[in-house]
Amino acid sequence: MASAPPVNGRGQQAGPDQEWTKVRRKGRRHLEKHQPTNPAGPDSPLPGLRPREPFLSLSDIQSEHRRITDQWESSACCRRLRGIITSRIGHPGVSQAICFGLGSFDPENGSWEGRRCAHVQLAAFLCIVEQLQRSSSQAIGCLFQEPLFNSADKAFIQSLGHEIVSSPEGFDRVTPSTLVFGIHLYRDIYNQTVAKHLPAMFVGTSHDVWEEFGGFSQSEFARMKELDEQCTKVEFPEDSGYATFSSTTIHWKQRDKT
């Protein structure tokens, strides 16, 4: 998805064991940019944003991904994310991971920030899966649902060995042992990700941020509130200088919640 306004840096960083506290709200600006206004449906590309012939080749995207991922993996954001996930390994178990609305690695407007955002969010998603995999006896399969993927985007994801599905299959495949990963998505899409099952992990905008933003009835967001009440939460580490993960929270369902 498109990036949010620049994040404001903070100096102090708590260790993984100290991070599972009340989530701080970072304002509503990015939410205002992602309110659903698409009459074709919340998971359909907006007019003028439909997949088109790619500008970049598969090798272009692969090369850019290696470079951006190498940079991100040396960052404090990545180090903190690994520490957070490691501290909660197996609580509860995850058997599959679904990434919603990643965005194109080859956006129509050629935006560098948009390309970087997609690559960093992919790197973070796969980093979480890698950490979870260490405590799993079976392979954690990764699925991607993104209507804006063009043929080069799809070839890139498939070259990594992952599956691409069309809407609404991704929503239908969420189970109680799923990691749902979706950054800065429309509220309606979040609703669909938790409509059938509350996932073991959810990475996205939290209910309390949406509640602060307002503009919807409690019944519209009841399942997200239920998820919020059943989870331990921590802020996603900041991607310094960028809004890649602004107002994003990691939700981890508590063991005694089913």
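One is the number of the first residue; the rest follow in order along the sequence. The figures that follow rest on heavy atoms only: side chains count, while hydrogens, waters and symmetry mates do not.
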Next item on the list: Kindly write out the residues that satisfy side chain to side chain donor-acceptor pair (under 3.5 Å) with Thr193, not counting sequence neighbours, or none if the list is empty.
Entry: none
Item checked: Ser135 side-chain N/O to Leu132 backbone N/O, donor-acceptor pair under 3.5 Å -> yes
Next item on the list: Please work out whether the ring planes of His119 and Phe156 are parallel, tilted or perpendicular, with thresholds of 30° and 60°.
Entry: perpendicular
Note to self: Please determine whether side-chain contact (heavy atoms from CB on, under 4.5 Å) holds for the pair Thr244 and Arg116, giving the CA-CA distance in whole Å, both sets of side-chain angles, and the decisive distance to 0.1 Å.
What the structure shows: CA-CA 9 Å; Thr244 315; Arg116 182 190 181 277; 3.6 Å; yes
Item checked: Glu238 side, atom CD; Cys77 side, atom SG - distance, nearest 0.5 Å -> 8.5 Å
Next item on the list: Mind checking the CD-OG spacing from Gln96 to Ser136? Nearest 0.5 Å is all I need.
Entry: 12.0 Å
Margin query: Run the side-chain contact (heavy atoms from CB on, under 4.5 Å) test on Leu143 and Glu169 for me, step by step, so that the C-alpha distance in whole Å, both residues' side-chain angles and the decisive distance to 0.1 Å come before the verdict.
Written below: CA-CA 10 Å; Leu143 284 69; Glu169 184 176 350; 5.6 Å; no
Notebook entry, point to check: For the residue pair Ser95 and Ser177, what are the closest heavy atoms and their distance?
Noted result: OG-OG, 2.6 Å
Item checked: Exercise: identify the closest heavy-atom pair between Pro176 and Lys253 -> O-NZ, 4.3 Å
Notebook entry, point to check: Is Leu160 reachable from Ile68 through a run of hydrophobic residues whose side-chain heavy atoms are each under 4.5 Å from the next?
Noted result: yes
Checklist line | Gap separating the CD atom of Gln192 from the CG atom of Leu185, nearest 0.5 angstrom | finding: 11.0 Å
Next item on the list: Output all residues satisfying side chain to side chain contact (heavy atoms under 4.5 Å, CB included) with Lys225, sequence neighbours left out; order by chain, then residue number.
Entry: His207, Gln218, Glu229
Margin query: Contact between Thr205 and Ile183 at the side-chain level, heavy atoms closer than 4.5 Å - yes or no?
Written below: no
Check: Can you list the steps and then say if Ile128 with Phe125 is a side-chain contact (heavy atoms from CB on, under 4.5 Å)?
Finding: CA-CA 5 Å; Ile128 293 173; Phe125 172 69; 5.9 Å; no
Next item on the list: Applying salt bridge (charged side-chain N to carboxylate O under 4.0 Å, His left out), run through Glu64 and Arg67 and close with a yes or a no.
Entry: CA-CA 5 Å; Glu64 190 161 75; Arg67 178 166 52 83; 3.5 Å; yes
Notebook entry, point to check: Within a strict 4.5 Å, meaning less than it, do heavy atoms of the Glu73 and Arg82 side chains meet?
Noted result: yes
Check: Any side-chain heavy atom of Val120 within less than 4.5 Å of one from Phe245?
Finding: yes
Item checked: Over all atoms of both residues, closest heavy-atom pair of Trp252 and Ile84 -> CZ3-O, 4.3 Å
Notebook entry, point to check: Side-chain contact, heavy-atom cut-off 4.5 Å: Leu81 with Cys127?
Noted result: yes
Checklist line | Which atom of Ala152 lies closest to which atom of Leu56, heavy atoms considered | finding: CB-O, 3.6 Å
Margin query: Using a 3.5 Å distance criterion without hydrogens, assess whether the side chain of Gln145 forms a donor-acceptor pair with backbone atoms of Gly170.
Written below: yes
Next item on the list: State, with a plain yes or no, whether a side-chain heavy atom of Leu179 is found less than 4.5 Å away from one of Val203.
Entry: yes
Check: Distance-only, no hydrogens or angles: does the Gln62 side chain make a donor-acceptor pair with backbone N or O of Ser57 under 3.5 Å?
Finding: no
Next item on the list: Dump the intermediate steps for side-chain contact (heavy atoms from CB on, under 4.5 Å) on Ile250 and Met201, then the final yes or no.
Entry: CA-CA 7 Å; Ile250 303 171; Met201 286 184 65; 4.0 Å; yes
Next item on the list: Could I get the full list of side chain to side chain donor-acceptor pair (under 3.5 Å) partners for Ser63, not counting sequence neighbours?
Entry: none
Check: Looking only at heavy atoms, what is the nearest atom pair of Arg88 and Thr232, with distance?
Finding: NH2-OG1, 3.9 Å
Notebook entry, point to check: Would a 4.5 Å heavy-atom cut-off, applied to side chains only, mark Asn150 and Glu53 as touching?
Noted result: no
Note to self: Tell me whether Arg115 contacts the main-chain N or O of Gly110 through its side chain, where contact means a donor paired with an acceptor under 3.5 Å.
What the structure shows: yes
Next item on the list: Report yes or no: does Glu146 contribute a side-chain atom to a donor-acceptor pair with the main-chain N or O of Leu102 at less than 3.5 Å?
Entry: yes
Item checked: Heavy-atom donor-acceptor pair, Thr178 side chain to Thr175 backbone, under 3.5 Å -> yes
Check: So do Phe55 and Pro107 actually touch side chain to side chain, heavy atoms under 4.5 Å?
Finding: no
Note to self: Does anything in residues 153-162 form a salt bridge (Lys or Arg N to Asp or Glu O under 4.0 Å)? List the pairs, not counting sequence neighbours.
What the structure shows: none
Check: What pairs with Lys196 under side chain to side chain donor-acceptor pair (under 3.5 Å), at least two apart in sequence or on another chain?
Finding: Asp172
Checklist line | Smallest separation among heavy atoms of Asp106 and Ser104, with atom names | finding: N-OG, 2.9 Å
Margin query: Looking at His184 and Ser246, would you say the former's side chain and the latter's main chain have a donor-acceptor pair under 3.5 Å?
Written below: yes
Next item on the list: Indicate yes or no: at least one non-hydrogen side-chain atom of Asp239 is less than 4.5 angstrom from one of Trp72.
Entry: yes
Next item on the list: Tell me, please, which residues at least two apart from Glu163 pass side chain to side chain donor-acceptor pair (under 3.5 Å).
Entry: Arg173
Note to self: Whether the Thr249 and Glu235 side chains hold a donor-acceptor pair (N or O, under 3.5 Å, no angle test) is what I'd like checked.
What the structure shows: no
Notebook entry, point to check: Salt bridge check: are Arg223 and Glu226 linked by an N-O gap of less than 4.0 Å?
Noted result: yes
Next item on the list: Indicate the ring-plane relationship of His162 and Phe144, choosing parallel, tilted or perpendicular according to the 30° and 60° boundaries.
Entry: tilted
Item checked: Candidates Phe100, Phe181, Phe202 - the one meeting ring-ring contact (aromatic ring centres under 6.0 Å, His included) with Tyr190 -> Phe202
Checklist line | Cluster overlap Trp112 with Ile61, hydrophobic side-chain contacts below 4.5 Å | finding: yes
